Structure formats: structure tokens, C-alpha cells
Amino acid sequence: MPVPLTVLGIESSCDDTAAAVVRHGPKGAAILSNVVMDQSALHEAFGGVVPEIAARAHAEKLDHAVEAALSAAGLGLRDLDAIAVTAGPGLIGGVLSGVMLARGLAVATGLPLLGINHLAGHALTPRLTDGLAFPYLMLLVSGGHCQFLLVEGVDAFTRLGGTIDDAPGEAFDKVARLLSLPQPGGPAVEAEAASGNPTRFPLPRPLLDRAGCDLSFSGLKTAVLRARDGVVAEHAGLRRGDRADLCASFQAAVTEVLAEKCRRALERYMALNPSDPVLAVAGGVAANRPLRAALEAVAKDAGARFTAPPLALCTDNAAMIAWAGIERLRAGLPVDGDFVARPRWPLDTSSPALIGAGRKGAKA
Ligand code: KG4
Ligand code: ZN
């Protein structure tokens, strides 16, 4: 295997058209470029990502993203050692756009082509940013996903639990909509919650009484709806303090269940006796300060370090796809360019996510 190893990554599984070049050499890894072309303006009027619009935009933008990534890295196609592309899970039209472009480039250049699981990209990112050693515990908590992963190797993931319905980011976004706060809902709800009373509304703590690490957020969102309607009926509308109290009560419920399930996941992880125990978090919801503080405290109590990649590498990007390709090449895993694009692709096939878990057509 060549040293250094330089890989082009391509990502198009939701509404970000992304390309990046990552190099791994004797001194470690370096992101040479990381281009993300955001499509959110195209979808804004529809209240969510429209798969057909996303696929078309990817098809139009992908080659520009690749050109921009190569040019920012100061490289040409002949300087690469391989191409890595997201092969799933995600919106199939977008995934196919990326896979077709990557396959075309691989055929034209003769470079090896790797089909990467998008979730593996997220899960392996702390090794790119912090050089973490296996095994570590990863909590992926975003607008489309919520799962605890035991990461034991480049291709060895055990899903300890996750949401059986909505993802937390999705719940934050819906609560924001219920309270007429702007999207994305997470930052708006967090800001509003800062001046609220987290104990005013006794919202449920879903699945807390059930053993294990599974979570549920859809009932919580409905409970916020009922609490809001109760206040509206009583006061003929929402006052500012009501909104802040609803946000604070909701955020406290999400934080409490995630922290408790995280404590249980850590217990299982710590039983492996890792030499340098680490809890890593990724995904947009990990930006929530009270949640982050609660997770940090849980990790500390368990005797584990807490880490989170910088936000630009926590959310969707192609550097994580290039990195996952490098990891696979360095681990000597077989390279088979003959893969298919997959809308669903659980990382851990022995305990796959429940069908319907997480927002449909959402980012992973
Ligand atoms: O990982 P990400 O950028 O992509 C998706 O999965 O879509 O996560 C976006 C999600 C949104 O639902 C957003 O409301 C949520 O992350 N989010 C937050 C915060 N910042 C972003 N949720 C709670 N608190 C925040 N501060
Ligand atoms: Zn993702």
C-alpha cells in the first residue's frame, strides 16, 4: 500500500453535496480539502428534504464539488490512490448520483473504488480527528439518527441501542414548530430553554423503565403538544414564559433519558476493560450544551474521557468518507468496486435498527 495514501471522498446521501481529499502519511492524517455544498435553500419551502430535488441537485453539483476539492488540495486525479463514495444508507437518488460519478472516475483513471457506509464514516471520524484507539463508545445523535455504537474495529460495530421511532433532532425540530420557533429547531429550543423552568411541565421519560439502551422520542413530542394546548386553553395563547418553560421541560426530558441510556451503554463498554476509555459523540444534536454537559458528566462518572469532533466533521461531510476508505485500505480489507447503492444499510447486521426508526429520508 502506498505511503502516503491519498483518497478522494464523495458524499451525497441527503442534502449536502460533498467532496474531500484526505491523506494519511507517516505523521498521521491530514484533511487536504473538505467541500460541502449545502442544498437547504432548495428544500426550505417544502419543510423537509425532497428526494427528487436532492438527487437532481447532486447530479448537477457533484462534479463541481469534486473539482473544487481537488483544486483546494492542489492535486489532480493522478495524485490519488483511491476513491471512496457513500454507498448508503440514504436517499437512493442522491446515493446513486454519487456512486455513478465515482464509478465513472474509477473506470477512467483505473483507481480502486470503495463503497462506504455513511454511518461508518460518522463512527470512524474520532480516529481522524483525535486518533482514538479501538474500542470506543460512539453516540450518534442527529436529525435522522440516534444510536449507541461500540466501535471495535474498522468494520466491527455493535449497536447497543437506539431510537425506536424519531431521532432527537427531529423531536427538537417538531417542538420548535409547535411553539412557532424557527428551524432548525435545536438551537432555537436551546436558546428559549435557557430562561425556562425545566420542572414546570412533568413530561414523560420514555423507555426509562425499560432495560437496555433503546430510546423513544415521538411520545415526548406529543406530550409537548398536549401541554402547549393546555396552556393555550387556559390563557388564550402562549406567553413568553410558557414557551421557555415548555422548551426547558422538553430539553430536560431528552437530556435525562439520553444521559441514563448513555450510562447503561458505558457500563457495557467499560466491561471490555478498554485501556483508554472514551465516549465520543457526533451529530448536530451533540451541539446542545446542557445535553453535552450531562453526557460529559456521565462519562466522567464512569471513568471515561469525553470527546466530540469539530462540528463541521460531526455533520455530513466527505472527509469522513475518504477517511473510512483510508481505514479500510490500511486494515487490508478487500476492495470490491462492484457494490450496489443501498437506501438502508445497518452497520451492525446482528442488531439492526428497527424499520421506521429515525426520520424517513433524513440525514444519517
Ligand atoms: O447532524 P445534523 O447536522 O444533520 C441531520 O441529521 O439532519 O443534525 C441536525 C439536527 C437538527 O435536527 C437540529 O435541530 C439539531 O441537529 N440541532 C440541535 C442543536 N443544534 C442542532 N439540537 C439540539 N440542540 C442544539 N443546539
Ligand atoms: Zn450523516
Side-chain angles (χ1 to χ4, degrees), residues 9-18 20 36 38-40 43-44 47-49 54 86-91 94-95 98 116-125 138-147 149 162-163 166-179 181-194 196 217 220-221 224 247-248 250-255 257-258 281-295 308-321 323-324 343-345 347 353 357-364:
I10 296 173
E11 153 64 34
S12 56
S13 64
C14 189
D15 62 346
D16 289 309
T17 310
V36 179
D38 169 39
Q39 299 179 359
S40 50
H43 304 283
E44 208 171 351
V49 178
T86 300
L91 298 175
V95 178
I116 302 295
N117 183 312
H118 176 91
L119 298 171
H122 279 303
L124 294 170
T125 299
M138 152 73 60
L139 168 59
L140 179 56
V141 65
S142 69
H145 276 268
C146 180
Q147 48 187 297
L149 289 167
T163 184
D166 295 351
E170 182 180 7
F172 269 97
D173 294 342
K174 283 187 184 157
V175 164
R177 252 177 240 125
L178 291 177
L179 301 176
L181 292 169
Q183 295 293 315
V189 170
E190 181 181 348
E192 196 68 30
F217 295 99
L220 192 50
K221 167 195 77 194
V224 173
C247 286
F250 164 75
Q251 186 173 265
V254 172
T255 300
V257 287
L258 269 166
V281 292
V285 182
N288 186 282
R289 274 157 292 199
L291 172 65
R292 222 178 151 105
L295 295 171
L311 202 57
L313 294 173
C314 264
T315 53
D316 286 351
N317 66 88
M320 69 180 191
I321 303 303
W323 172 249
R344 286 195 175 272
W345 185 2
L347 261 186
R359 188 168 65 199
K360 298 209 172 38
K363 282 186 191 181

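In listed order, ligands and their atoms are each counted from 1. Since the structure is predicted, the reported quantities are computational estimates derived from the model, not experimental observations.
- Among all heavy-atom pairs drawn from A123 and L149, the shortest one is CB-CD1, 4.1 Å.
- Proximity to E190 (heavy-atom distance under 4.0 Å) selects the following atoms of ligand 1: 24 (N), 25 (C), 26 (N).
- Here the closest non-hydrogen pair linking Q251 and P290 is NE2-CG, 3.3 Å.
- Taking distance alone, with nitrogen or oxygen atoms compared against 3.5 Å, P184 stays at or beyond that limit from ligand 1.
- Among the candidates D316, V95, L347, the single residue satisfying the side-chain contact (heavy atoms from CB on, under 4.5 Å) test with H118 is D316.
- Side chain of Q183 to main chain of D173: a donor-acceptor pair is present (N/O by atom type, distance under 3.5 Å, no hydrogens or angles).
- Atom numbering of ligand 1 starts at 1 in the shown order; those under 4.0 Å from a heavy atom of G185 are 14 (O).
- With a 4.5 Å cut-off on side-chain heavy atoms, L258 and F217 count as touching.
- Residue P187 holds the heavy atom nearest to atom 20 (N) of ligand 1 of all those in G283, A188, P187.
- Within the set C314, G143, P168, A167, the minimum heavy-atom distance to atom 6 (O) of ligand 1 is found for G143.
- When non-hydrogen atoms are compared, ligand 1 lies under 4.0 Å from the side chain of D173 (C-beta onward) but not from its backbone.
- Annotation for ligand 1: atoms under 4.0 Å from non-hydrogen atoms of G169 are 12 (O).
- M138 and H122 get closest at one heavy-atom pair: CE-O, 3.7 Å.
- Here the closest non-hydrogen pair linking G196 and A248 is C-CB, 3.6 Å.
- Close approach to G144 involves these atoms of ligand 1, each under 4.0 Å from a residue heavy atom: 6 (O).
- Close N/O approach between T315 and ligand 1 is not found [any backbone or side-chain N/O within under 3.5 Å].
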